[in-house]
Amino acid sequence: DIYDEMERSYPARDNSCMITINPRRSSQLLYPEEHPREHPVAMARRLGILPGGQWKPLNCHPLFNVAIILPYRNRQTQLTIFMNYIHPFLQAQNLDYRIFVIEQSPVHIDLIPQNPDNIYACTKMPRHMSSSVNTFRYNLPYSGLFGGAIALTRKQFERVNGFSNVFYGWGGEDDDFYSRLQSKGLQVTRFGPDIAQYYMLIHNKEPPSSARFENLENSAKRYDTDGISNLEYRVLNHQLRPLYSWILADV
Ligand code: NGS
C-alpha cells in the first residue's frame with residue numbers, strides 16, 4: 001500500500017524516527033475555531049519551535065525534511081487557528097519542518113487536516129492531500145481535483161515548470177497544475193478518504209475569475225514558457241516570526 005511505497009522511498013537509518021500509522025484512529029478535530037489559542041511566543045517556547053517556525057525531533061533522525069508553504073492574504077484569524085493547530089500536528093509526525101507563509105495575491109488558508117495519519121511529507125508521486133473535505137461531505141467532487149493541500153518534491157515541481165502565472169482570483173490554477181503533472185506522466189496519488197479528511201474553515205468566498213476557463217483551454221501551449229521560467233517577483237519584506245517564516249512578495 002501507500003505506506004510501503006513511502007518506506008521504500010525513505011529507507012530507515014539507525015535510530016530513524018518512528019512514524020506510527022493507525023488507520024483506525026478517527027478524526028480528532030471537529031471545530032478548530034474552538035481550539036484554545038495561545039500567545040505565539042508562549043507556544044513556541046512550550047513546543048520548542050525555533051524562530052521562523054522551525055522544529056525537528058532531537059532524539060531520533062527524522063525521515064522527512066519538509067517545507068510547508070502557505071500562500072496567504074488577509075486572513076489573520078484563520079492563520080492563528082492554523083498555527084495553533086498545525087505545529088502539534090506536525091510534531092506528532094516527527095518531521096523536520098519549517099513553515100513558510102508567503103503573503104501576496106488572493107488565496108485562502110482554509111483547510112485543516114483532521115487525521116494525524118495524514119503525513120505532511122512527500123510520497124513518491126505528487127499527492128493530493130485534501131481529497132476528503134467536510135464541505136463536499138467528504139467526497140472527491142471530481143477526479144482531477146488537485147487543489148487545497150498538495151505534497152510534492154522540488155524536483156517534481158521544477159519538472160512541470162511550477163504553477164502558471166496567468167491565473168488571478170479564484171479558480172482554475174489547480175486544474176492547470178494537474179494537467180501539467182499529467183503531461184509529464186506524473187500520476188497523482190491520494191490516501192484513502194478516512195485519512196485525507198479536512199475541515200474547511202468558514203470564510204467569505206472570493207468571486208470566481210472570469211478568465212479561468214479560457215486560460216485552461218490553452219494551458220498546454222504555455223507549459224514551458226509560463227511558470228517558474230518567467231516568474232518575476234520581488235521580496236518586499238521578510239521576518240522570522242515565532243511560529244513561521246513570513247515572506248511578503250510582490251508579483
Ligand atoms: C473548481 C475550480 C478549482 C477549485 C475546485 C474546488 O471548479 O479551481 O472547483 O473548489 N476550477 C475552476 O474554477 C475552473 S472549492 O469548492 O474547494 O473551493 O479548486
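We count ligands from 1, going down the list as the structure has it; atoms in each ligand are counted the same way. Hydrogens, waters and symmetry mates play no part in the numbers below; they use all other heavy atoms, side chains included.
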Of all the atoms in ligand 1, which lie at a distance below 4.0 Å from a heavy atom belonging to D174? 3 (C), 4 (C), 8 (O), 19 (O)
In terms of atom number and element, which parts of ligand 1 are under 4.0 angstrom from non-hydrogen atoms of F213? 14 (C)
To atom 2 (C) of ligand 1, the nearest of D110, D175, T135 on a heavy-atom basis is D175
Find out whether W246 and E103 are in side-chain contact, i.e. whether some heavy atom of one side chain is under 4.5 Å from a heavy atom of the other. yes
Any N or O on L216 sitting closer than 3.5 Å to an N or O of ligand 1? no
Using distance alone, decide if ligand 1 has a nitrogen or oxygen within less than 3.5 Å of any nitrogen or oxygen in E173. no
Flag the pair Y244 / H87 as yes when their ring centroid distance falls below 6.0 Å, and as no otherwise. no
Restricting to salt bridge (charged side-chain N to carboxylate O under 4.0 Å, His left out), what partner residues turn up for D96, sequence neighbours left out? none
Side chain, backbone, both or neither: L145 near ligand 1, heavy atoms under 4.0 Å: side chain
Examine the proximity of ligand 1 to F167 and report which part, side chain or backbone, both or neither, has a heavy atom under 4.0 Å away. neither
Below 4.0 Å from ligand 1: does a non-hydrogen atom of G172 turn up there or not? yes
R180 with D226: basic N within carboxylate O range, under 4.0 Å: yes
Less than 4.0 Å between a side-chain N and a carboxylate O, is that true for R222 and D176? yes
Starting from L140, walk the hydrophobic network (Ile, Leu, Val, Met, Phe, Trp, Tyr; side-chain heavy atoms closer than 4.5 Å) and list everyone else you reach, by chain and number. Y142, L145
